[in-house]
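The first residue in the sequence is number 1, and the count goes up from there.
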Amino acid sequence: MPATVHVRELTADDLDAAWELGRFAFGANPERPSSTSVDVPGMTRYGAFDDAGRLVGKAVDLHHDQWWSGRAVPAADVAGVAVAPEARGRGVARAMLTALLAGARDRGAAISALYPTVAAPYRACGWEAAGVLRTVDLATAALPRHRPASHLTVRAGTPADLAAVAGLYERVTRHRNGMLTRRGKLFDFFAADGGLPGDGLTLVEADGELVGYATWQRGRGYGADSVLTVDEALAVTAEAARELVGVLGSWASVAPRVRLCPLDGDAVSVQLPLESAREHERDLWMHRPVDVARAVSARGWPAYARGAVDFHLTDPLAEWNTGTWRLAVADGAAELTRVDGAADLRLDVRGFALLYAGAAHARSVAQAGLLHCAGDTDPAALDLLGVGGPAQLLDYF
C-alpha cells in the first residue's frame with residue numbers, strides 16, 4: 001500500500017468500483033440499486049485513490065438540513081464510508097473526511113452527523129457520540145385502546161396525501177433539535193416515484209385537517225413471530241395520538257409485536273407502554289461542526305437564553321474552526337466572533353459537538369478531558385452553547 005492517497009469527488013466512471021467497495025465493506029445485497037449508478041442531486045461522493053489510480057476508500061456527503069429550534073441548518077451528513085481491507089489503518093478515512101469537511105464548508109454546510117459502525121476513527125476526526133436512534137418492540141395487545149373520538153376521521157392515505165404528511169412532520173419536528181427537515185434535492189429525488197412510503201399509510205383528520213399519521217410495513221405471516229413495523233407515527237394532538245395507537249393495537253390478533261422508533265416526549269410516545277418495551281436495535285449517532293461560526297448563527301436559540309463567553313477551540317481537521325471565539329446569545333439568536341488573545345476555557349471540537357447537541361453539560365465535558373479551564377474558572381459558563389435541549393434523530397442514513 002503506497003504511503004499517499006489522492007482524494008477527489010467521484011465521477012460516473014468511478015461508481016462501479018465504489019459500489020463494489022461498499023458491497024464488500026457492508027455485506028450488501030449483490031443486486032445493485034439504480035441510485036448507485038447515476039448522479040444523485042443533493043449528494044457529493046468522495047473517493048480516495050492510491051498511486052496506481054485504484055479506489056481504496058469512499059465516503060458520501062448528504063446535503064441535508066437539520067431543524068434546530070425552528071431554523072433549518074445546512075448539514076453535511078456522512079454515509080457510506082468504506083476503506084479497502086488492504087488500505088485500512090493508513091489514514092485513508094481521515095484523508096477523505098478532511099476533504100469532505102472542506103468541500104462541505106465550501107458549499108455552505110454548518111454541521112455534520114453520521115452513524116458509525118465503530119466510533120473511534122470518527123472521534124479521531126472530531127465527531128462525538130451525541131445520541132441513539134432506538135428501535136423498540138412492544139406487545140401489540142398491550143397498546144391502549146380508547147373509544148374512537150367522534151370528531152376525528154381515520155382513513156387510509158394515498159399518494160395525494162403525502163404533501164399533507166410532510167407538513168405534519170414539519171409541525172412536529174421543526175421546534176426540536178437535530179431532526180432532518182426532509183427538504184431539498186436529495187429528498188425530492190428519492191420521492192420522485194410518488195409512491196407510498198411502505199405498505200400502508202393511516203391518517204387521522206379533524207374537520208378535514210391532518211392531525212396524525214402512521215406509515216407501516218405489514219411483514220409476513222400471522223403467527224407468534226409476526227411483527228408490524230411502524231416506520232413513523234406522529235401526531236399534533238393527544239386525541240389523534242390515541243387514535244393512531246388504537247389503530248396499531250387493532251393488529252394484535254395477527255401481529256403480536258409492533259416495532260417502532262419512539263420520538264422522545266412527543267404526542268404518540270406518551271401514549272405507549274414504554275415500560276414494557278424491549279430494545280430491538282440501537283444506532284449510535286455522532287455530531288461535529290463543519291463551520292462553528294455558521295453552526296452558531298444559523299440555528300435558532302431559546303428566547304430566554306442570554307449571555308456571552310470566550311473560549312479557545314481546537315479542531316485539527318478543520319483548521320478554520322481553530323482559534324479564540326466569543327459566543328454571544330440574545331433575543332433568540334447567537335453569534336461567534338473571533339477575538340484576540342487567550343481564553344480561560346479551552347475546548348476540543350468533540351466537546352463543542354457535545355455541548356452544541358445538548359448531549360452533555362460543560363462540567364461533564366471537562367471531566368471527559370474535552371474542556372480545560374485555567375485556574376478556578378467555572379466550566380459551566382459554556383453551558384450557554386448547549387441551551388435548547390438535547391438533539392435527536394429520527395432518520396437513519
- request: To the nearest 0.5 angstrom, please state how far the CD atom of Q392 sits from the OG1 atom of T173.
  value: 11.0 Å

message: Applying a strict under-4.5 Å side-chain criterion to I, L, V, M, F, W and Y, I'd like to know whether W216 and V227 cluster together.
response: no

query: Are L203 and V268 connected in the hydrophobic side-chain network, where two residues link if heavy atoms are under 4.5 Å apart?
result: yes

- request: Go through the steps for R306 and D331 under the test salt bridge (Lys or Arg N to Asp or Glu O under 4.0 Å), then give the verdict.
  value: CA-CA 7 Å; R306 183 176 296 271; D331 303 322; 2.6 Å; yes

Worked verdict on M43 versus F189 for side-chain contact (heavy atoms from CB on, under 4.5 Å): CA-CA 11 Å; M43 172 190 295; F189 175 84; over 6 Å; no

task: With the side chain counted from C-beta on, respond yes when L55 and L10 share a heavy-atom pair under 4.5 Å apart, and no when they do not.
output: yes

task: Kindly say whether Y213 contributes a backbone atom to a donor-acceptor pair with the side chain of T202 at under 3.5 angstrom?
output: no

- prompt: What do you reckon, is OH of Y222 surrounded by more than 12 foreign heavy atoms closer than 6.0 Å?
  reply: no

- prompt: Salt bridge between R8 and D14, side-chain N to carboxylate O under 4.0 Å?
  reply: yes

Contact check, side chains of V292 and D315, non-hydrogen atoms, under 4.5 Å: no

message: Quick check for you: to the nearest 0.5 Å, what is the distance between C373 atom SG and D378 atom CG?
response: 7.5 Å

message: Contact between R54 and F49 at the side-chain level, heavy atoms closer than 4.5 Å - yes or no?
response: no

- request: Please determine if E128 and R123 form a salt bridge, counting it only when a charged side-chain N lies under 4.0 Å from a carboxylate O.
  value: yes

query: Is any side-chain heavy atom of L196 closer than 4.5 Å to a side-chain heavy atom of P159?
result: yes

- prompt: Between L143 and P273, what is the shortest heavy-atom contact and its length?
  reply: CD2-CD, 3.9 Å

field: Gap between atom CG of L385 and atom CG of L355 - 0.5 Å precision
entry: 5.0 Å

query: Counting only N and O atoms by type, is there a donor-acceptor contact under 3.5 Å from the side chain of S269 to the main-chain atoms of D266?
result: no

message: Can you tell me how far apart CZ (R257) and OG1 (T229) are? Round to the nearest 0.5 Å.
response: 9.0 Å

- prompt: What's the shortest heavy-atom distance between S226 and G221, and which atoms?
  reply: OG-O, 3.1 Å

task: Look at the rings of Y396 and Y115 and say which category their plane angle falls in: under 30° parallel, 30 to 60° tilted, over 60° perpendicular.
output: tilted

Minimum-distance pair of heavy atoms, taken over all atoms of R294 and A109: NH1-O, 2.9 Å

message: Please identify which of these residues, V83, D50, V7, V81, meets the side chain to side chain contact (heavy atoms under 4.5 Å, CB included) condition with V92.
response: V83

task: Dump the intermediate steps for side-chain contact (heavy atoms from CB on, under 4.5 Å) on R288 and Y122, then the final yes or no.
output: CA-CA 10 Å; R288 75 135 35 235; Y122 297 103; over 6 Å; no

field: Linked, directly or transitively: L317 and L313 (ILVMFWY side chains, under 4.5 Å)
entry: no

message: Does R282, at its CZ atom, have more than 12 non-hydrogen atoms belonging to other residues, nucleotides or ligands within less than 6.0 Å?
response: no

query: Is the shortest side-chain N to carboxylate O distance from E281 to R259 below 4.0 Å?
result: no

task: Give a yes or no on this: more than 12 heavy atoms of other residues, nucleotides or ligands lie within 6.0 Å of atom CG of D207.
output: no

task: Check whether the side chains of D310 and T324 place a donor and an acceptor atom closer than 3.5 Å, and report yes or no.
output: no

- request: Carefully, step by step, assess L162 and L201 under the rule side-chain contact (heavy atoms from CB on, under 4.5 Å).
  value: CA-CA 9 Å; L162 293 180; L201 170 63; 4.1 Å; yes

field: Any side-chain heavy-atom pair of V329 and V309 under 4.5 Å
entry: no

- line: Rounded to the nearest 0.5 angstrom, the CG-NE2 distance for D395 and H64 is 7.5 Å

- request: Using the side-chain contact (heavy atoms from CB on, under 4.5 Å) rule, take T215 and V165 through it: C-alpha gap first, then chi angles, then the decisive distance, then the call.
  value: CA-CA 10 Å; T215 59; V165 167; 5.5 Å; no

- prompt: Are the side chain of W301 and the backbone of V296 linked by a donor-acceptor contact shorter than 3.5 Å?
  reply: yes

field: Chi angles and distances behind the salt bridge (Lys or Arg N to Asp or Glu O under 4.0 Å) call for R171, E209
entry: CA-CA 13 Å; R171 289 177 64 189; E209 178 188 1; 3.2 Å; yes

message: Strictly distance-based, threshold 3.5 Å: is any side-chain N or O of R278 a donor or acceptor partner for the main-chain N or O of D137?
response: no

query: Do you know the tightest heavy-atom contact between D291 and N321?
result: CA-OD1, 3.5 Å

field: Residues, nucleotides or ligands: over 12 heavy atoms within 6.0 Å of H312 NE2
entry: yes

message: Between P289 and V349, is there a side-chain heavy-atom distance shorter than 4.5 Å?
response: yes

- prompt: Any donor-acceptor pair under 3.5 Å linking the side chain of N177 with the backbone of G389?
  reply: yes

statement: Correct closest heavy-atom pair for S112 and V290 would be CB-CG2, 3.9 Å

OH-CG distance between Y169 and L180, expressed to the nearest 0.5 angstrom: 5.5 Å

query: Would a distance-only check, ignoring hydrogens and angles, find a side-chain to backbone donor-acceptor pair under 3.5 Å from T140 to A255?
result: yes

- prompt: If you measure from the Lys or Arg side-chain nitrogens to the Asp or Glu carboxylate oxygens, is any gap between R107 and D61 under 4.0 Å?
  reply: yes

task: Using a cut-off of 6.0 Å, state whether more than 12 heavy atoms not belonging to R182 lie near its atom CZ.
output: yes

Whether over 12 other heavy atoms sit under 6.0 Å from E31 CD: no

query: Under 4.5 Å between side-chain heavy atoms, hopping through other hydrophobics if needed: is there a path connecting L234 to F187?
result: yes

query: What closest approach, in Å, do L133 and L394 show between heavy atoms, and which atom pair accounts for it?
result: CD1-CA, 4.1 Å

query: Any side-chain heavy atom of R45 within less than 4.5 Å of one from K58?
result: no

task: Check for a donor-acceptor pair, side chain of D77 on one end and backbone N or O of A113 on the other, with a separation under 3.5 Å.
output: yes

- prompt: Is it the case that one hydrophobic cluster holds both L274 and L248, taking links as side-chain heavy atoms less than 4.5 Å apart, direct or via other members?
  reply: yes

query: Can you say whether the rings of Y356 and W68 are parallel (under 30°), tilted (30 to 60°) or perpendicular (over 60°)?
result: tilted

query: Should R155 and D161 count as side-chain neighbours, where that means a heavy-atom distance under 4.5 Å?
result: yes

- request: Could you tell me whether the side chain of E243 and the main chain of V204 form a donor-acceptor pair under 3.5 Å?
  value: no

task: Please check if the side chain of D383 supplies one atom and the backbone of A362 the other of a donor-acceptor pair under 3.5 Å.
output: yes

query: Can you tell me if R90 uses its side chain to pair, donor with acceptor, with the backbone of R88 under 3.5 Å?
result: yes

